[in-house]
Amino acid sequence: MADKIAFLGLGSMGAAMATNLLKAGFPLTVYNRTAAKAEPLRQQGATVATTPAEAVRDADIVFTMLTDDKALEEITTGPDGFIHALKPGAIHASCSTVAPDTNRRLAEAHRAHGSFLVASPVFGKPDVAAAGKLWVGSSGPAEARERLKAAQAAIGQGTHNFGDDPGAASVAKLCGNFLLGTVIEGMAEALTLAEKCGLDRVGFYEMLTSTLFNNPIYKSYGKLIAEQHYQPVGAPPAIIRKDMNLVVQEAYKNDMPMPFANLIRDRLTATVALGEPDVDWASFAKRVSEDAGL
């Protein structure tokens, strides 16, 4: 019999992931602070709970996909946190992009409760999530990681194991987002220099991504940068600025100079300060053009 799943947090990523769990045949209960976002899932057969505790009461697995560390800790271990209603032996699949130490703290709380936490961050935009093609990181107790595999397979095209440390997969997620930022910065600088030297930036992008840089990341983000059209929104600038802040904090804690990470965080800070919430985070590439007088 399929595990009973609760899914908490139905933003664009969470709703897509929950939908795929439902399609895979898992009994699903969902909760979102804005209840209207749960309605499409209710129409597809999910049960809608009015509180996190109600959502997890019978769950074998709880997925969370929330904005930041504060929201994750509040919904898990806060005064009305779901951990108090979670049955012993249940697994919390923590999918949010958070600091490694946040998942480590929550893992300790679960251990004291008799439940488990597996860090389960995902790589991919909302359209990738809708297609069930996310890449999933996984770290935490081996037994819990094994039990979680079927549910992870329902949301992604592959799961990568990072061991027993519940913070390890979060490290991988932060490093991955940092690398995406360097791709955006690098493409923005190259295309802006090409344009200033008289080349057509779209044509140059097409040459790059059909030869040396023929891969999905350079193609997808490069297209946004070449055309300077930052829609649809995969993730808004404020969300990824939070992630870059976590990268810089982790680097500082581990005595790791990361000048590129600081640059990307500053680009995103400028984008947020300019009040551009309804564009993809790759729009920080516009700051490169502005610095160049374009």
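Computed from a predicted structure; not experimentally measured. Residue numbers run from 1 in the order of the sequence given.
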Short side-chain to backbone donor-acceptor contact, [X] and [Y], under 3.5 Å:
X	Y	value
T211	M207	yes
N32	A35	no
N245	R241	no
K37	G11	no
S96	L66	yes
N103	A99	no
R201	A226	yes

Show me the pairs that pass ring-ring contact (aromatic ring centres under 6.0 Å, His included) and involve [range], at least two apart or across chains.
range	value
residues 178-220	F213-Y218
residues 232-256	none
residues 48-94	F7-F63, F82-H92, H92-H110

Residues 119-137, side-chain donor-acceptor partners within the protein, below 3.5 Å, at least two apart:
unit_1, atom_1, unit_2, atom_2, d
S120, OG, Q152, NE2, 3.1

Side-chain heavy atoms under 4.5 Å apart, restricted to Ile/Leu/Val/Met/Phe/Trp/Tyr: what other residues fall into the cluster of L193, or is it alone?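 None; L193 is a cluster of one.
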
Residues which pass salt bridge (charged side-chain N to carboxylate O under 4.0 Å, His left out) with [X], listed by chain and number, not counting sequence neighbours:
X	value
K87	D60
E74	none
R42	E39
R287	E276, E290

Under the salt bridge (Lys or Arg N to Asp or Glu O under 4.0 Å) rule, what do D3 and R147 come out as? Steps first, then yes or no, please. CA-CA 9 Å; D3 286 317; R147 287 173 52 200; 5.4 Å; no

Run the side-chain contact (heavy atoms from CB on, under 4.5 Å) test on T76 and L72 for me, step by step, so that the C-alpha distance in whole Å, both residues' side-chain angles and the decisive distance to 0.1 Å come before the verdict. CA-CA 6 Å; T76 306; L72 175 61; 3.7 Å; yes

Is any side-chain heavy atom of [X] less than 4.5 Å from a side-chain heavy atom of [Y]?
X	Y	value
D68	V98	no
I91	S115	no
L180	I217	yes

I83 CD1 to T77 OG1 distance, which is reported to the nearest 0.5 Å: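 OG1 of T77 is found 7.0 Å from CD1 of I83.
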
Between atom CD1 of I75 and atom NZ of K70, what is the distance when rounded to the nearest 0.5 Å?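 One gets 13.5 Å once the value is rounded to the nearest 0.5 Å.
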
Do Q231 and V233 pass the side-chain contact (heavy atoms from CB on, under 4.5 Å) test, and can you show the C-alpha distance, the side-chain angles, and the key distance before you say yes or no? CA-CA 5 Å; Q231 299 286 343; V233 179; 3.6 Å; yes

K223 NZ: over 12 foreign heavy atoms closer than 6.0 Å: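 No - once you tally the heavy atoms of other residues, nucleotides and ligands closer than 6.0 Å, there are 12 at most.
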
Could I get the full list of side-chain contact (heavy atoms from CB on, under 4.5 Å) partners for A168, not counting sequence neighbours?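 Applying side-chain contact (heavy atoms from CB on, under 4.5 Å) to A168 gives S139, F162, D165.
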
Would you please say whether a donor-acceptor pair under 3.5 Å links the side chains of E54 and T50?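 Yes, a side-chain donor-acceptor pair sits under 3.5 Å.
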
Taking atom types as modelled and ignoring hydrogens, do the side chains of S138 and N161 form a donor-acceptor contact shorter than 3.5 angstrom?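 No pair is found: no donor N or O on one side chain lies under 3.5 Å from an acceptor on the other.
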
Sequence neighbours excluded - side-chain hydrogen bond (donor to acceptor under 3.5 Å, both in side chains) pairs with any residue from residues 177-194: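 Of all non-adjacent pairs touching residues 177-194, those that pass side-chain hydrogen bond (donor to acceptor under 3.5 Å, both in side chains) are K173-N177, N177-D243, E185-R267, T192-S289.
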
Could you tell me which residues satisfy side-chain hydrogen bond (donor to acceptor under 3.5 Å, both in side chains) with N214, sequence neighbours excluded, listed by chain and number?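 For N214 the side-chain hydrogen bond (donor to acceptor under 3.5 Å, both in side chains) partners, ignoring immediate neighbours, are K219.
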
SB check K149 E146 (cutoff 4.0 Å):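 A salt bridge links K149 with E146.
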
Do L10 and M65 belong together in a cluster built from hydrophobic side chains that touch within less than 4.5 Å?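 Linked, L10 and M65 end up in one cluster.
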
I would like to know whether D101 and K253 meet salt bridge (Lys or Arg N to Asp or Glu O under 4.0 Å); could you show each step before the answer? CA-CA 11 Å; D101 283 346; K253 187 179 76 173; 2.9 Å; yes

